[in-house]
Amino acid sequence: MRPLSTTVIPAAWIPRFSRYSSSKEPAMRTLSLVVTLSAFTTPLWAADFTVTRTDDPAPDGVTLSQCRVGGDCSLREAVLAANKRPGPDRILLGRAVYELTRATSATTPDGRSGPLLVTDTLDVAGAGSARTRVRWRSGVTPPHMFTPHKHPVWTASGDYQIDLQAMTISGGRGAAGGCIDRWAGDLNLRDVVVESCEGTTGGAIHFGGAYTSEGAGAYVLSLVDTTLRDNLAQYGGALFLRQTGTVIGDGARLLDNTALQHGGAVDAVPAETTVISYALQMVWRSEGDGTQVADNSAGGNGGGFSLVGPGYANIFSVSGAAPIVFERNVAVGEGGAISMRLQSFASPVAGTTAGMTLEQARLYDNAAASGGAVMLRAVRAVMNDIEFARNSAQNGSGGAIAADYATSGSRQSLLAIQRASFNQNHATQRGGAISSQCQIVSAYDSSFHANTSIGNGEVISSTGYTNFIHVSTDGHGQPTMGPASLHLTHHTACPGSGFTIANSVIGGTDNCYGQHGIIMSNGGNQFSSYAGGCYFQAGLDAYGSSASFALSVGTFGGDKSVLGWTNDGITRPQVNFGQPSLCSITDVRGLPRNVGACDAGAFEQQW
């Protein structure tokens, strides 16, 4: 007879809580991946298994009745019992620390030792992330990530749903997933902390799809009120996403994770088999309290997120939710907050381009060698309702954004920016806010203030095609010397270059410099007296004093800092000056414009 656990769990501490249910809805952007959410819904026929001891004894002859209420049952035995019973089950944990001690040398886990192996639909419910902890005992697992890994806390592979809630998971050492290895099935976390885990791919979680003759499966990872922190991996300090999936973040926090290579918080990549390659399809949907990605670091690219195409990444907050925040992330290579690049494969690939949508996001104080906040290589990107502030390219170009061609050759792509704010970003080379190499950049209803660069282009340096409509700039340039604000030059790898501006305000000492070509006007622009390098269309553009524009930085009823002015009753020259045919619908704050007689610049005065 085995010894009883030294820890007795009072029955009152075993949770009996109502189920969290999320409505089923499709992924909310145009994408070939369509999934539904069924997180945290427990079927009525589920059986409950109650864990009554916190140690990890040898599971001798586990029976289904052993782990029912009143039995002698460890967590490992409860999982084995649930696996024996066909259909969904629930395991109930109390306010205690559950330690795993049965290490294994086996290559394939059997659940009797090594990680907790789940083989059917399962819900594991603790008493709260601050009250329930499941971990490997210190000293049992390998001491660091360079030792062969066999010991995540949880592992599962199969098309069934796993819910983990109200607990902290720690101390795992896994090859794929330091603490959780989930393959080919849904995984839902609620009120969970995953911390101090180490892996090769995914310091906290490895999450991936399955390959069939028809392609790759699409699965959902749901992170609700969940924190992934202080984890370490070669790739994906917190999370490694393989090929296809939807991540739903509602109050998700990815903090202080480290990747020795790419993806300080998240590394998302396509997959290549011996037969065919699959394109990346990732949706990161932020709901409710939003997602925070902070203080992560990467030895390669993507201090926050590293994404590899071909394929598509869709990162956004739903309407009414808090913005996604990327702050204080650092990459030794490219993309302090986000890096996305097109990668070529030897075998055929489903899709030949890489694309990204980034909506309702705030990127603050991120740093990298190039692309202080975002690095895009041959990526078609759409950014809407974004704020970039105090990001830094510390050994290259693009303080906020660097958009570049593919390293394997010239591949021109599109960067479309709308309702964005760029404040106090810095580059040690060119492009204090934006550096564009061979790309097509369009910026609408966007504000640029006090960005700096050592080289030219404190607002933007471009060797491709650039189009600015309803843009405001101020706080750049110097009256006589110093880098230009808007900079157009040429690169031999680019098919051509050009720059036009319309319905914009170039204020302060900001200026234009067409090193190779002319920065043209389509009319509706208000230029300060220092903007002599900008092409002027008589009768369609106007010069004015910077003081008359009265531009200042504030939120002005919005939710990000922009260049605007106070409606003090004084008529400003930019009011109703925009070319009617080029008037946009809303300004930088998302407030309506006076269509047909709109203001020049990013800001529209509300009457």
Side-chain angles (χ1 to χ4, degrees), residues 387-389 400 417 419-425 432-434 443-453 456-461 466 468-488 499-514 519-537 540-556 558 560-568 570-579 582 584 587-589 593 598-605:
E387 183 174 14
F388 295 90
I417 302 168
R419 291 173 52 203
S421 174
F422 297 81
N423 299 311
Q424 298 180 306
N425 301 285
I434 302 173
Y444 304 88
D445 305 295
S446 294
S447 166
F448 296 81
H449 177 256
N451 303 283
T452 58
S453 60
N456 279 314
E458 291 190 314
V459 171
I460 183 172
S461 177
T466 301
F468 276 10
I469 298 179
H470 281 299
V471 166
S472 295
T473 77
D474 199 351
H476 311 92
Q478 300 176 26
T480 55
M481 300 292 292
S485 307
L486 280 66
H487 177 232
L488 173 65
F499 202 138
T500 60
I501 55 177
N503 285 9
S504 295
V505 175
I506 310 301
T509 58
D510 290 20
N511 54 73
C512 302
Y513 176 35
I519 297 180
M520 301 297 294
S521 166
N522 281 331
N525 299 301
Q526 285 282 342
F527 297 117
S528 76
S529 57
Y530 293 99
C534 306
Y535 187 83
F536 179 85
Q537 284 208 60
L540 296 179
D541 299 320
Y543 282 111
S545 69
S546 182
S548 68
F549 300 151
L551 296 179
S552 62
V553 176
T555 57
F556 300 101
K560 55 183 180 284
S561 295
V562 302
L563 282 169
W565 64 90
T566 302
N567 186 358
D568 54 8
I570 299 175
T571 301
R572 304 297 174 190
Q574 64 268 30
V575 172
N576 295 340
F577 190 78
Q579 288 292 304
L582 298 175
S584 60
D587 74 353
V588 65
R589 300 161 296 171
R593 287 193 182 275
C598 61
D599 298 346
F603 184 87
E604 183 82 9
Q605 181 171 292

Once rounded to the nearest 0.5 Å, what's the spacing between atom [atom1] of [X] and atom [atom2] of [Y]?
X	Y	atom1	atom2	result
Asp510	Thr473	CG	OG1	3.5 Å
Arg572	Trp565	CZ	CH2	9.0 Å
Leu488	Ser461	CG	OG	8.5 Å
Ile519	Phe499	CD1	CZ	5.0 Å
Asn451	Asp474	CG	CG	11.0 Å
Ile460	His476	CD1	NE2	11.5 Å

For the backbone of [Y] and the side chain of [X], can you confirm whether one donor and one acceptor N or O come within less than 3.5 Å of each other?
X	Y	result
Asn456	Ala484	yes
Asn425	Gly432	no
Arg589	Phe556	yes
Ser528	Gly508	yes

What pairs with [X] under side-chain contact (heavy atoms from CB on, under 4.5 Å), at least two apart in sequence or on another chain?
X	result
Ser545	Ala547, Ser548
Leu582	Ala502, Asn503, Asn522, Gln579
Tyr543	Phe527, Phe536
Val553	His449, Ser561, Leu563

Shortest non-hydrogen separation from [X] to [Y] and the atoms involved:
X	Y	answer
Pro483	Ser453	CG-O, 3.4 Å
Ser446	Ala602	O-CB, 3.3 Å
Thr452	Glu458	CA-OE2, 3.5 Å
Phe577	Ala542	CZ-CB, 3.7 Å

Mind checking side chain to side chain donor-acceptor pair (under 3.5 Å) for [X] and listing every partner two or more places apart, or none if nothing turns up?
X	answer
Arg593	Asp445, His470, Ser584, Glu604
Gln526	none
Arg419	none
Asn511	none

Using ring-ring contact (aromatic ring centres under 6.0 Å, His included) as the criterion, list what pairs up with [X], not counting sequence neighbours.
X	result
Tyr444	none
Phe549	none
Phe388	Phe422
Tyr513	His487

TODO: Kindly determine whether Ile434 and Phe448 satisfy side-chain contact (heavy atoms from CB on, under 4.5 Å), including the steps that lead there.
DONE: CA-CA 10 Å; Ile434 302 173; Phe448 296 81; 4.0 Å; yes
Open item on the list: Using the rule side chain to side chain contact (heavy atoms under 4.5 Å, CB included), only one of Asp541, Leu486, Val471 pairs with Ser504; which is it?
Closed with: Val471
- [ ] Indicate whether the side chain of Asn423 and that of Ser421 have a donor and an acceptor atom separated by less than 3.5 Å.
- [x] yes
Open item on the list: With a 4.5 Å cut-off on side-chain heavy atoms, are Val505 and Asn525 touching?
Closed with: no
